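Take a look at the structure set out below.
All figures in this text were calculated on a predicted structure; none of them were measured in a lab.
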Amino acid sequence: MHFVIMGCGRTGSTLAQMVEDRGHTVAVVDQNANAFRRLGPHFEGRRVVGPGFDRDTLTEAGIEDAYAFAAVSNGDNSNILAARVARETFGISNVVARIYDPGRAEVYQRLGIPTVATVRWTADQMARRLLPAGAISEFRDPSGAVILAEVQVHTGWVGRRMLALEAASQARVAFLTRLGEGLVPGVDTVFQEGDLVHFVLRHDQLASVEQRMAAPPSKDEH
């Protein structure tokens, strides 16, 4: 499949190389030709100089045949504008834009433009390593009603099945992170020390799920 990436900074160049390493074709767009040096000598994709929200530039990058478009320049306005052009002008459904302002990211997310808020993402990653308890929101659907959150689970649940955690929290365990690897739990999967548990739940459930999982199980919870 073909991918178009706007912005050849550290994020854009890394993303381009990752996609190409997986066997896809890639075109990278940047207004600064010198930025393409980050791609390295072995990058085989297209390098297109120009603004990523310009139709002719995107056409030169092969947007009409693209499976997906990513806008990861250092400007929020440019990223959103380019994402809208890709979606609304060229009909690319798989579009994502990087946004530095978390507040703006939520607005565009609710308008149907998937975004990654860089500041919020970095803060979340730091919080995962600092906070002794609580929940870290990882994903929110465009309506804001459903979220995916990593919830801290009391060590008293070690040895209990995921079904017991679900029954106690009234939320669904989407997956675990165990020893750095993702794991989709089965009916017999038990909670182990060091597991990170990711729940999918309604936004209004988050506080109650966090509170319940911060406490040990009662005697009748298996």
Are side-chain heavy atoms of R84 and N79 found at a separation under 4.5 Å? no
Would you please indicate if the ring centroids of Y67 and F3 are separated by under 6.0 Å? yes
W157 side-chain N/O to Q192 backbone N/O, donor-acceptor pair under 3.5 Å: no
Under 4.5 Å between side-chain heavy atoms, hopping through other hydrophobics if needed: is there a path connecting L58 to V19? no
Compare all side-chain heavy atoms of H2 with those of H24 and state whether any distance is below 4.5 angstrom. no
Considering all heavy atoms of both residues, which atom of V28 and which atom of A16 are nearest to each other, and what is their separation? CG2-CB, 3.7 Å
Would you check if the side chain of S13 reaches a backbone N or O of R10 as a donor-acceptor pair within less than 3.5 Å? yes
Just do the side-chain contact (heavy atoms from CB on, under 4.5 Å) check on R87 and I92 with the steps written out, would you? CA-CA 5 Å; R87 169 166 287 180; I92 307 300; 5.7 Å; no
Indicate the atoms forming the closest heavy-atom contact of A61 with V29, along with that distance. CB-CG2, 3.8 Å
Indicate yes or no: at least one non-hydrogen side-chain atom of T89 is less than 4.5 angstrom from one of R55. yes
If Ile, Leu, Val, Met, Phe, Trp and Tyr residues are connected whenever their side-chain heavy atoms lie under 4.5 Å apart, and connections chain through other members, are M18 and M1 in the same group? no
Same cluster for L81 and Y100 if Ile/Leu/Val/Met/Phe/Trp/Tyr side chains link at under 4.5 Å? no
Is there side-chain contact between Q170 and S208, with at least one heavy-atom pair below 4.5 Å? no
Check whether R38 reaches the backbone of C8 with its side chain - one donor and one acceptor, N or O, closer than 3.5 Å. yes
Please check: side-chain N/O of E20 versus main-chain N/O of G45, any donor-acceptor pairing under 3.5 Å? yes
Distance check, rounded to the nearest 0.5 Å: R47 atom CZ versus F36 atom CZ? 8.0 Å
Looking just at side-chain N and O atoms, do T11 and R98 make a donor-acceptor pair shorter than 3.5 Å? yes
Nearest heavy atoms of F53 and V85, plus distance in Å: O-CG2, 3.8 Å
Considering the options M213, R212, Q211, which one meets the side-chain contact (heavy atoms from CB on, under 4.5 Å) requirement together with V209? M213
Walk me through whether D188 and R161 qualify under side-chain contact (heavy atoms from CB on, under 4.5 Å). CA-CA 6 Å; D188 295 323; R161 293 191 300 168; 3.7 Å; yes
So which atom in V200 and which in A171 form the shortest heavy-atom distance, rounded to 0.1 Å? O-CB, 4.1 Å
Would you call R172 and F199 a side-chain contact if the rule is heavy atoms closer than 4.5 Å? no
Check the hydrophobic clustering (I, L, V, M, F, W, Y; side-chain heavy atoms under 4.5 Å; chains of links allowed) and say if V48 and L39 are grouped together. no
A quick test of your reading: do over 12 heavy atoms of other residues, nucleotides or ligands sit less than 6.0 Å from CG of N94? yes
Donor-acceptor contact present, side-chain Q205 to main-chain R202, <3.5 Å: yes
Are V4 and V96 connected in the hydrophobic side-chain network, where two residues link if heavy atoms are under 4.5 Å apart? no
What one should report as the nearest heavy-atom pair of L15 and I5 is CG-CD1, 3.8 Å
I'd like to know if the side chain of D30 and the backbone of V49 have a donor-acceptor N/O pair within less than 3.5 Å. no
F191 meets the ring-ring contact (aromatic ring centres under 6.0 Å, His included) criterion, sequence neighbours left out, with none
Please say whether more than 12 non-hydrogen atoms of neighbouring residues, nucleotides or ligands are located less than 6.0 Å from CZ in R46. yes
Looking only at atom types and distance, does a side-chain atom of T189 sit under 3.5 Å from a main-chain N or O of G186, one as donor and one as acceptor? yes
Output yes when a side-chain donor or acceptor of E150 lies under 3.5 Å from a complementary backbone atom of V197, and no otherwise. no
Set out, in order, the CA-CA distance, both residues' side-chain angles and the distance that settles side-chain contact (heavy atoms from CB on, under 4.5 Å) for I147 and L206, then state yes or no. CA-CA 9 Å; I147 63 172; L206 184 58; 3.9 Å; yes
About how many Å separate CG of L196 and CG of L183, when rounded to the nearest 0.5 Å? 11.5 Å
Could you go step by step and tell me if T177 and D195 meet the side-chain contact (heavy atoms from CB on, under 4.5 Å) rule? CA-CA 6 Å; T177 302; D195 282 352; over 6 Å; no
Using 0.5 Å steps for rounding, measure from the CG atom of D101 to the CG atom of D76. 6.5 Å
Specify the closest pair of heavy atoms between L148 and A174, including all atoms of both residues, with the distance to one decimal. CD1-CB, 3.7 Å
